[in-house]
Amino acid sequence: MTSSSRTLYLFASAAPPVFDLGRVIEMAQGDDGWNVCVGLTPTAARWVADGLDDGLDGLEALTGHPVRSEYKLPGRPDVWPPADAILFAPATFNSLNSWALGLTSSFVVGVAAEAIGKSIPTVTVPCVNAAYVRHRQFDRSVAELRGQGVVVLYGEGGFIPNPAGSGEPEGYPWGLALEAVKGVVGGARGGG
């Protein structure tokens, strides 16, 4: 855990790069001094709990904060400090479309949707296969999020989809994602 005053909400959906979160947390803490809070879709939380040696407890030990995958109960205090930036990666077809359409049944999608209205600098990196991106809603959702100020790392210089069933999680652009977060936070600070 870091004592930085800058807080990054690292959100993730259930896609193979979710298993890299421990390394990504360490990169964000070490390279940029972020205080990281991890939020997961319910399916991603199940994947991490079952698929990582230390599961959710390992991510909590790295960050010093509880991993969240559900909304808090009304009247309960928030257990995280306010976000200075959000990185939603990997963002699946379902999460990206839900976010763009304002469908907030998932905690991380709800917080990311609200971040638009709160002007919290936000970056997302999709993780979808080439079959999903042929669905017209995907391009509409990317355009909608970009139009509302979200940096979407998709296409040239970002995430490039693979054919269905041939994913390469080791090629996921985590470094580009963290650089983009630095860029949006720098731009947000410069703008006031």
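Note that the coordinates shown come from a computational prediction; the quantities given were computed from them, not determined experimentally. The residues of the chain are indexed from 1 along the displayed sequence.
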Distance-only, no hydrogens or angles: does the [X] side chain make a donor-acceptor pair with backbone N or O of [Y] under 3.5 Å?
X   : Y   : value
E60 : V67 : yes
D32 : W34 : no
S95 : A91 : no

Compare all side-chain heavy atoms of [X] with those of [Y] and state whether any distance is below 4.5 angstrom.
X    : Y   : result
W174 : R23 : yes
F138 : F93 : yes
S13  : N94 : no
V48  : L40 : yes
K72  : P77 : no
P66  : V79 : yes
L8   : D84 : no

Should W99 and T122 be marked as a side chain to side chain contact (heavy atoms under 4.5 Å, CB included) after you check the CA-CA gap, both sets of side-chain angles, and the distance that decides it? CA-CA 12 Å; W99 181 11; T122 304; 3.7 Å; yes
Compare every heavy atom of [Y] with every heavy atom of [X], then report the nearest pair and how far apart it is.
X    : Y    : result
V184 : P121 : CG2-CB, 3.5 Å
V108 : G39  : CG1-C, 3.3 Å
L21  : A89  : CD2-O, 4.4 Å
A15  : C127 : CB-SG, 3.7 Å
A14  : T43  : CB-CG2, 3.5 Å
H65  : P81  : CE1-CD, 3.7 Å

Point-to-point distance, once rounded to the nearest 0.5 Å, from [atom1] of [X] to [atom2] of [Y]:
X    : Y    : atom1 : atom2 : result
T7   : W80  : OG1   : CH2   : 10.5 Å
L153 : L176 : CG    : CG    : 6.5 Å
L52  : D57  : CG    : CG    : 11.0 Å
R68  : L56  : CZ    : CG    : 13.5 Å
D78  : C37  : CG    : SG    : 8.5 Å
Y154 : R146 : OH    : CZ    : 8.5 Å

According to a hydrophobic-cluster definition based on side-chain heavy atoms being under 4.5 Å apart (Ile, Leu, Val, Met, Phe, Trp, Tyr only), do Y71 and Y9 belong together?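 Same cluster: Y71 reaches Y9 through Ile, Leu, Val, Met, Phe, Trp or Tyr contacts under 4.5 Å.
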Apply side chain to side chain contact (heavy atoms under 4.5 Å, CB included) to residues N129 and N162 and explain how you reach the verdict. CA-CA 5 Å; N129 66 44; N162 298 305; 5.8 Å; no
Assess whether atom CD of E70 is packed by more than 12 heavy atoms of other residues, nucleotides or ligands within 6.0 Å.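 Result for CD/E70: open.
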Pick out which of Q29, E26, R6 makes a side chain to side chain contact (heavy atoms under 4.5 Å, CB included) with V36.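 Only one option passes, and that is Q29.
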Using the rule side chain to side chain contact (heavy atoms under 4.5 Å, CB included), only one of I86, V152, L87, V142 pairs with T124; which is it?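 Exactly one option meets the side chain to side chain contact (heavy atoms under 4.5 Å, CB included) with T124, and it is V152.
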Please determine if E114 and K118 form a salt bridge, counting it only when a charged side-chain N lies under 4.0 Å from a carboxylate O.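 Salt bridge flag = yes for K118 with E114.
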Between K182 and E179, does at least one N-O distance fall below 4.0 Å, as a salt bridge requires?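 A salt bridge is present here (some side-chain N lies under 4.0 Å from a carboxylate O).
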[X] vs [Y] aromatic rings, parallel, tilted or perpendicular, using cut-offs 30° and 60°?
X    : Y    : result
F159 : Y172 : tilted
W47  : F19  : parallel
F88  : F11  : perpendicular

With distance as the sole criterion, is a donor-acceptor pair present between the side chains of H135 and N97 under 3.5 Å?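 No, because no side-chain N or O of H135 sits under 3.5 Å from a partner of the opposite role on N97.
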Please report the C-alpha distance between L101 and Q137 in whole Å, then the side-chain angles of each, then the deciding distance to 0.1 Å, and finally whether the side chain to side chain contact (heavy atoms under 4.5 Å, CB included) criterion is met. CA-CA 10 Å; L101 293 169; Q137 186 57 47; 4.0 Å; yes
Derivation and outcome, side chain to side chain contact (heavy atoms under 4.5 Å, CB included), residues V109 and L103: CA-CA 8 Å; V109 172; L103 304 174; over 6 Å; no
